[in-house]
Undergrad: 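Before we start, here is the structure in question, set down as structure tokens.
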There are 2 protein chains.
Amino acid sequence: MKATVPISSAGLKTACSQCNLQELCLPFGLSENDIDRLDELVGTRRKIKRQQHLYRAGDLFEAIYAIRAGSFKTDVLLEDGREQVTGFQMTGEIIGLDGISTEFHTCNSIALEDSEVCVIPYAKLEELSRKVEGLQHQFHKVMSREIVRDHGVMMLLGSMRAEERLAAFLLNMSQRFTARGFSSAEFHLRMTREEIGSYLGLKLETVSRAFSRFQDEGLIAVQQKHIRILDGAGLKRLLQHQPAGG
Amino acid sequence: MKATVPISSAGLKTACSQCNLQELCLPFGLSENDIDRLDELVGTRRKIKRQQHLYRAGDLFEAIYAIRAGSFKTDVLLEDGREQVTGFQMTGEIIGLDGISTEFHTCNSIALEDSEVCVIPYAKLEELSRKVEGLQHQFHKVMSREIVRDHGVMMLLGSMRAEERLAAFLLNMSQRFTARGFSSAEFHLRMTREEIGSYLGLKLETVSRAFSRFQDEGLIAVQQKHIRILDGAGLKRLLQHQPAGG
DNA sequence: GTGCGACGTTGATCCACGTCAACCACTACA
DNA sequence: TGTAGTGGTTGACGTGGATCAACGTCGCAC
């Protein structure tokens, strides 16, 4: 396996024989030697069927997970039953970081489709990242990236109106698909309108209406969960110079 | 210096001679030896006057900061001028984690009052945490805690109504003051109504009205920025069983 | 003191989004 | 092919919080 060669974002090549760990090691250009050692990291793989939990809030935290295939949502439940989706994760991303601070998971992670993850025992990660040059930093970057992403969502929830939120969401999805080597203009959403709404702080009807309006305006083509972006610049334009809401 | 003795949350004892690093090392019970080495971490101290920036979005990331005295807000600005406060930080907390993933800071950090921070050069932190048993894990916990906190804010912004948000905010502030050895029932807010509103996704008028209503209902006593919590249980009750908004 | 500017409160009005409700599209399965 | 269930769309209406506006209060400079 060619590990020292920087891997383009055009395809999903694997960083170690077990799993796609490019988020953890590739952007940093670890040496071939080091990459081989990453195999030590991956305990097992685990398959998760659609709608099943990878972990639940309250579960003992023992490992983080690298998504090998499929996609997930994470959510938190209030006592009164309200659900807030805190994020969507797709192939190549890392889940489970929330558990480190409390030794228990603080949210639920649920597969949006039949998926497979690599289990990375946290103790092993800690041990290895003391030894493998660059791994520690790479892991810090993964965590920091989650913090930055969350700030983006807070921005969205705190100061954008419905159409801006959905535009931001679509552009973000498009970007993440692109980064994984898929077409950026056309993709399949794996989550329902209700889940999108929960993530964006909107009701499903509002999400649906915004989709329809975008379609009327020629910005996107929607067919159920299938989205085609026709005018990305138009979507970006929605994100600025709008009267403040919220 | 007594470093091996677990430090109660009742006072602000220092973990190393330079700075309050209990977030980084104390809860994990580092050995006295190790704690002394933490002095190596702290490059310099820096004083920041009220309203001045500790760093700005776009600044090169070189260090994280432990707040030694005072308090800060972090915010992000949209192109059109809208501001979103992404968090408030008080004495003993760590700021600057957002910069790790991008090598540049992604938000602004501004002092809410005259403050002082310990500068922790990131490169030094990385180096030391490979050597000092427990420090790495402690740093992971700090980052994870920020992720969990952010999820809480997302929850708040995404599915709570105005009064719930403010109640959650007050309880959170109270808790953080308690953890720093101050009275939990009485404290001085360092931020304006507008900043609270920006953080909570509300307008300043809405924040003000909610404060007034809480006061009318005997939940709190408000005098400008001075808050006294009269009925914490009542505030907690507001957080559940409310009709879903948002 | 007086004046000024930042911050806070309160009222009146408006509107974006929630709520309620009906209907439609797609899939699964008998 | 019918039927049921889940998810999505659309319309009518209500409301929480934004907006606009006036006024009050505190702290500071002089």
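The structure presented is a predicted model; accordingly, all values stated were derived computationally and were not measured. Naming: A, B, ... by sequence-line order, numbering from 1 per chain.
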Undergrad: In whole angstrom, give the distance that lies between atom NZ of A:Lys203 and atom C1' of D:dG7.
TA: 16 Å
Undergrad: Do B:Phe104 and B:Phe61 make the cut of ring centroids closer than 6.0 angstrom?
TA: no
Undergrad: For B:Leu189 and C:dG8, give me the distance from atom CG to atom C1', rounded to whole Å.
TA: 13 Å
Undergrad: Counting heavy atoms from C-beta on, name the nucleotide in D:dG16, C:dT9, D:dA12 closest to the side chain of B:Arg161.
TA: D:dG16
Undergrad: Distance check needed: C:dA16 P versus A:Glu164 CD, whole Å only.
TA: 12 Å
Undergrad: Please state whether the base of D:dT9 and the side chain of A:Arg213 form at least one donor-acceptor pair under 3.5 Å?
TA: no
Undergrad: I want to verify a distance call: between C:dG8, D:dG8, C:dC17, whose nearest atom is closest to the B:Gln224 side chain?
TA: C:dG8
Undergrad: Please report the distance, rounded to the nearest Å, between CZ in B:Phe211 and P in D:dG24.
TA: 22 Å
Undergrad: Rounded to the Å, how far apart are B:Leu204 CG and C:dC7 C1'?
TA: 9 Å
Undergrad: Under the criterion side-chain hydrogen bond (donor to acceptor under 3.5 Å, both in side chains), I'd like the reasoning laid out for B:Ser71 against B:Glu113: C-alpha separation, chi angles, the key distance, then a yes or no.
TA: CA-CA 6 Å; B:Ser71 51; B:Glu113 59 192 308; 2.6 Å; yes
Undergrad: Take the protein atom CD1 of A:Ile220 and the nucleotide atom P of D:dG8, then report the distance between them rounded to whole Å.
TA: 14 Å
Undergrad: Measure CD/A:Glu205 against C1'/D:dA12 and give the value in whole Å, please.
TA: 13 Å
Undergrad: Test A:Arg190 against A:Glu195 for salt bridge (charged side-chain N to carboxylate O under 4.0 Å, His left out), laying out the working first.
TA: CA-CA 10 Å; A:Arg190 314 252 67 137; A:Glu195 287 163 336; over 6 Å; no
Undergrad: In whole angstrom, give the distance that lies between atom CZ of B:Arg209 and atom C1' of C:dC7.
TA: 16 Å
Undergrad: If only side-chain N and O atoms of A:Ser208 are considered, is one of them under 4.0 Å from the OP1 or OP2 phosphate oxygen of D:dT9?
TA: yes
Undergrad: For the salt bridge (Lys or Arg N to Asp or Glu O under 4.0 Å) test, which of A:Lys47, A:Arg68, A:Lys49 pairs with A:Asp114?
TA: A:Lys49
Undergrad: Tell me what B:Ser212 touches on the nucleic acid: a base, only sugar-phosphate, or nothing, going by heavy atoms under 4.0 Å.
TA: sugar-phosphate
